[in-house]
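So you know, we letter chains A, B, ... as the sequences are listed, proteins then strands, and number each from 1. Keep in mind that the numbers below use all heavy atoms, side chains included, and drop hydrogens, waters and symmetry copies.
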Amino acid sequence: MNILVCISNVPDTTSKINFIDNDSKFDKNGVQFIINPNDEFGLTKAIWMKDSNNADVTVLTVGDSSADAILRKCLAIGADKAIRIDCEAIDASSVSKEIVEHCNEVKYDLVICGRESIDYNGGLVPGLIAGYLDYNFVTNCVSLNIENGKAKCSREISGGIEVTESDLPLVIGAQKGLVEESDLIIPNMRGIMMARQKPLEVLSAKNIKARAIDKKYFKPQEKAEVKLIKPDELDKLIDLLENEAKVI
Amino acid sequence: MGVLVYAESENNIIKKSALEAVSYGKALAEKIGSRLNCVVINCSEPNILKQYGTDKIFNITNDSLKDFTSRSYSNALQQVIKAENTSILILSSSADSKYLGAHLAGFTDGSFISNVVGIPDNLDPFTVKRSCFTNKGFSSTELTGDIKIISISANSFGLIENNGDGKIEDFHIEDISSTITVSNIEKQSGKVTIADADVVVSAGRGLKGPENWHLVEELAEVLGAATACSKPVSDMGWRPHSEHVGQTGKPVSSNLYIAIGISGAIQHLAGINSSKIKVVINNDPEAPFFKAADYGIVGDAFEVIPQLITKLKNRK
Ligand SMILES: Cc1cc2nc3c(=O)[nH]c(=O)nc-3n(C[C@H](O)[C@H](O)[C@H](O)COP(=O)(O)OP(=O)(O)OC[C@H]3O[C@@H](n4cnc5c(N)ncnc54)[C@H](O)[C@@H]3O)c2cc1C
Ligand SMILES: Nc1ncnc2c1ncn2[C@@H]1O[C@H](COP(=O)(O)O)[C@@H](O)[C@H]1O
């Protein structure tokens, strides 16, 4: 079985978010980049499927060479092969189409994405890929079992869990639950050494036009100082929530 | 050029998040100078949409849409978009609508934008504001494409009543083949879920142990709220994983978020930043959460919560 894991390279959550060039660009200076957490859950699941489903695992990112470090880490975690489609990732639609072009050349039975990325938080790429390719799609995926070419997936829904069955090929949006945090694989020395022997292929992009272009960024308004209420004046809190904030 | 809203329903009741999408759709239709159409799927009571400014309601009734799958629902909406020559589709940010939006955008080759927080500043070029970087930033984004799909962030626009014709028209859809089937749904009934709640009451390690959670549940009950928790609380098994909010858990975009005994770590805040009003109850005046709060009480949760419950009960 052939699995593709799409990896987004995102700033660590503790990063300071700043904008430069007249607020038209995100300031990468001093920012630590990590594998998008949802993608890491998906990658770990894919690595497990190497044993359970005799799978071959390719990781792919659409981005410039600054993403290579993250791809090397994925190889050290256990992926067999890495691909970078060389261009600047501008919007979900162009990124998805680059991935789709690749999927049309190399057939994958399963495409694993994260449910959403923690930078642009769109949650768009997996659905777009599934739509363009006309593949089945399950997002918020918390369990996956593939046997005899049939996939059984659970999806977290509002207030519960839904189980679906489908054929392959399939695209999933992974999240915590698919594997747990304690299952995440920390690369060891052997993994890192082996990663050096593994292929990291750089493909040229098809240069698909973006359709959603961020023209300007803003920071949220500075929060007003917290209003402190004494524990023995709870009536005041209720009054503020009712009449000032109007939320109860 | 027409604005269409998919008004999601559950058990025949239009969801509140859908009414917000309709309110947004109405404001946008007015800005464009067009009428507002809505589509409902297997909902026999769509009349309420009229009060939010809907002119025409396309009513789809079809057995093969009994269970939601993004594929079959996308297929149905795609047929409406085509028949009505829709150029803008508005969706709420419920789990199902978010799921459906990107899939539908792929099928229709439309352009999709999510987490939108306001009506477009400009129609040509079409420029709309959305949140990003887990709400630590916003962007003004230019959208091109013949079909634009816009999913709005929960509680960012509010409900606005308006008059519309509210004419209901049955919309017949062609056969829908689904290659994915729902085989089982397990759902807790009667409980307010984090995604749908206006108010969320959340607690952290400061509550000391699961045996004290009756306080959180009682407070949630008087407020008609959903319950949530910090990550260590679900990791230790005090509460189910589905209640964990934050960077690695669920996002919360409620009108009111009450945080009890939660320190306010950045990973926790990442998930709740987009909630409107935050109340923090913590016995440590130095807890970082106070910096992100609108109202704060420095005090012992075990004293404050029971009093708050009593006072809220007496208020009613
Ligand atoms: C990669 C990563 C991802 C993470 N993702 C998340 C996430 O998604 N969500 C999340 O929540 N965390 C997440 N965390 C963990 C986060 O950093 C914090 O450790 C966690 O949020 C702390 O939980 P807490 O506030 O419940 O506990 P604590 O930090 O222990 O805080 C307990 C608070 O309770 C107060 N308190 C104690 N007794 C009382 C009392 N009697 N009355 C009132 N207040 C009292 C204390 O003053 C303290 O402020 C993540 C961490 C990492 C590294
Ligand atoms: N530039 C990219 N290259 C490869 N995969 C991506 C890229 N951006 C997003 N993805 C995938 O799509 C998922 C959702 O991203 P987003 O639509 O940005 O929220 C991520 O978790 C990744 O799996």
Side-chain angles (χ1 to χ4, degrees), chain A residues 13-14 17 19 37 92-93 96 118-132 136-140 156-167 176-177 181 211-220 223-224 226-231 234-235 237-238 240-241 245 247-248, chain B residues 70-71 95 98-99 102-107 111-115 132-145 179-188 191 193 195-196 223 241 247-248 255-256 266-267 270 277 290 292-299 303-304 307-308 311-312 315:
Chain A
T13 1
T14 51
I17 302 295
F19 303 112
S93 139
S96 318
I118 62 166
D119 51 358
Y120 296 97
N121 305 109
L124 311 185
V125 172
L128 287 169
I129 295 175
Y132 291 138
N136 286 310
F137 174 44
V138 176
T139 196
N140 295 8
E156 203 177 81
I157 54 174
S158 194
I161 298 284
E162 173 194 273
V163 184
T164 54
E165 283 169 37
S166 72
D167 293 332
K176 185 179 138 177
E181 263 150 339
R211 286 172 165 179
I213 299 175
D214 291 343
K215 288 289 173 180
K216 203 172 173 71
Y217 293 101
F218 313 86
K219 288 217 200 169
K223 226 176 161 56
V226 54
K227 280 193 187 160
L228 288 179
I229 295 126
K230 296 206 179 72
L234 292 176
D235 288 320
L237 175 71
I238 294 174
L240 287 166
L241 292 178
V247 286
I248 59 170
Chain B
S70 78
R71 198 186 179 103
K98 258 191 120 162
Y99 183 10
H103 210 181
L104 178 62
F107 284 129
S111 47
F112 180 32
I113 184 160
S114 56
N115 299 321
C132 51
F133 298 102
T134 55
N135 283 288
K136 287 189 274 186
F138 293 93
S139 74
S140 178
T141 306
E142 241 178 62
L143 204 62
T144 54
T179 47
I180 186 159
T181 52
V182 175
S183 55
N184 188 26
I185 295 181
E186 260 173 56
K187 212 165 167 169
Q188 272 183 317
K191 225 173 159 277
T193 61
D196 294 329
L223 289 166
H241 277 296
Q247 180 206 320
T248 46
N255 276 328
L256 174 60
I266 196 156
Q267 296 90 354
I277 300 289
F290 284 114
D294 300 277
Y295 305 109
I297 294 177
V298 179
E303 287 165 19
V304 174
Q307 286 184 43
L308 193 57
K311 282 183 188 297
L312 283 166
R315 164 182 162 258

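Proximity to chain B (any heavy atom under 4.5 Å) is shown, for Lys215(A), by both the backbone and the side chain. Looking at Leu234(A), the atoms closer than 4.5 Å to chain B (heavy atoms on both sides) sit in the backbone and in the side chain alike. Neither the backbone nor the side chain of Ser93(A) comes within contact range of chain B, judged by heavy atoms closer than 4.5 Å. Neither the backbone nor the side chain of Ile129(A) comes within contact range of chain B; no heavy atoms are under 4.5 Å apart. Heavy atoms of Glu156(A) lying under 4.5 Å from chain B belong exclusively to its side chain. For Ile17(A), the part lying near chain B is the side chain, with the backbone staying farther off; criterion is any non-hydrogen pair under 4.5 Å. At a 4.5 Å heavy-atom cutoff, the contact between Leu228(A) and chain B is made by backbone and side-chain atoms alike. Both the backbone and the side chain of Leu128(A) come within less than 4.5 Å of a heavy atom of chain B. Contact of Asp119(A) with chain B is made through backbone and side chain together, with heavy-atom distances under 4.5 Å. Both the backbone and the side chain of Val138(A) come within less than 4.5 Å of a heavy atom in chain B. For Lys223(A), the part lying under 4.5 angstrom from a heavy atom of chain B is the side chain only.
A donor-acceptor pair under 3.5 Å links the side-chain atoms of Ser114(B) to the main chain of Gly122(A), judged by distance alone. Checked by atom type and distance alone, the side chain of Lys136(B) pairs as donor or acceptor with a backbone atom of Thr13(A) at under 3.5 Å.
The closest side-chain heavy-atom distance from Pro220(A) to Phe138(B) is below 4.5 Å. A 4.5 Å side-chain heavy-atom check between Asn140(A) and Tyr99(B) finds every atom pair outside the cut-off. The side-chain heavy atoms of Leu256(B) and Leu241(A), taken from C-beta on, include a pair separated by under 4.5 Å. Between Glu165(A) and Ile180(B) there is no side-chain heavy-atom pair separated by less than 4.5 Å. At a threshold of 4.5 Å between non-hydrogen side-chain atoms, the residues Val163(A) and Glu186(B) do not count as touching. Taking the side chain as every heavy atom from C-beta outward, Thr164(A) and Thr181(B) never approach each other to under 4.5 Å.
In the model, Asp196(B) has a side-chain atom that pairs as donor or acceptor with a side-chain atom of Ser158(A) under 3.5 Å.
To the nearest 0.5 Å, the span separating CD1 on Ile248(A) from CG on Leu312(B) amounts to 5.5 Å. A distance of 10.0 Å separates CD1 in Ile157(A) from OG1 in Thr193(B), rounded to the nearest 0.5 Å. Residue Ser111(B) holds its OG atom at 5.5 Å from CZ of Arg211(A), rounded to the nearest 0.5 Å.
Legend: residues meeting salt bridge (charged side-chain N to carboxylate O under 4.0 Å, His left out) with Lys230(A), ordered by chain and number and at least two apart, are absent. With sequence neighbours left out, Asn255(B) forms a side-chain contact (heavy atoms from CB on, under 4.5 Å) with Val247(A), Lys16(B), Asn155(B), Asp198(B), Lys276(B).
In terms of heavy-atom pairs under 4.5 Å with chain A, the best-connected choice from Asn115(B), Thr179(B), Ile185(B) is Thr179(B). With chain A as the partner, the residue from Ser70(B), Gly299(B), Ala292(B), Gly145(B) showing the most heavy-atom pairs under 4.5 Å is Ala292(B). Of the listed residues (Ala105(B), Ser140(B), Cys132(B)), the one with the most heavy-atom contacts under 4.5 Å to chain A is Ser140(B). For the options Arg71(B), Lys187(B), Gln307(B), heavy-atom pairs under 4.5 Å to chain A are most numerous at Arg71(B). Note: Asp294(B) leads Val304(B), Asp294(B), Ile277(B) in heavy-atom pairs under 4.5 Å with chain A.
More than 12 heavy atoms of other residues, nucleotides or ligands sit less than 6.0 Å from atom CD of Glu181(A).
Salt bridge Lys311(B)/Asp235(A): present, at least one basic N to carboxylate O contact under 4.0 Å.
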Which is it for Tyr120(A) and Phe133(B) under the ring pair (Phe, Tyr, Trp, His ring centres under 6.0 Å) test, yes or no, and what are the steps along the way?
-> CA-CA 6 Å; Tyr120(A) 296 97; Phe133(B) 298 102; 5.1 Å; yes
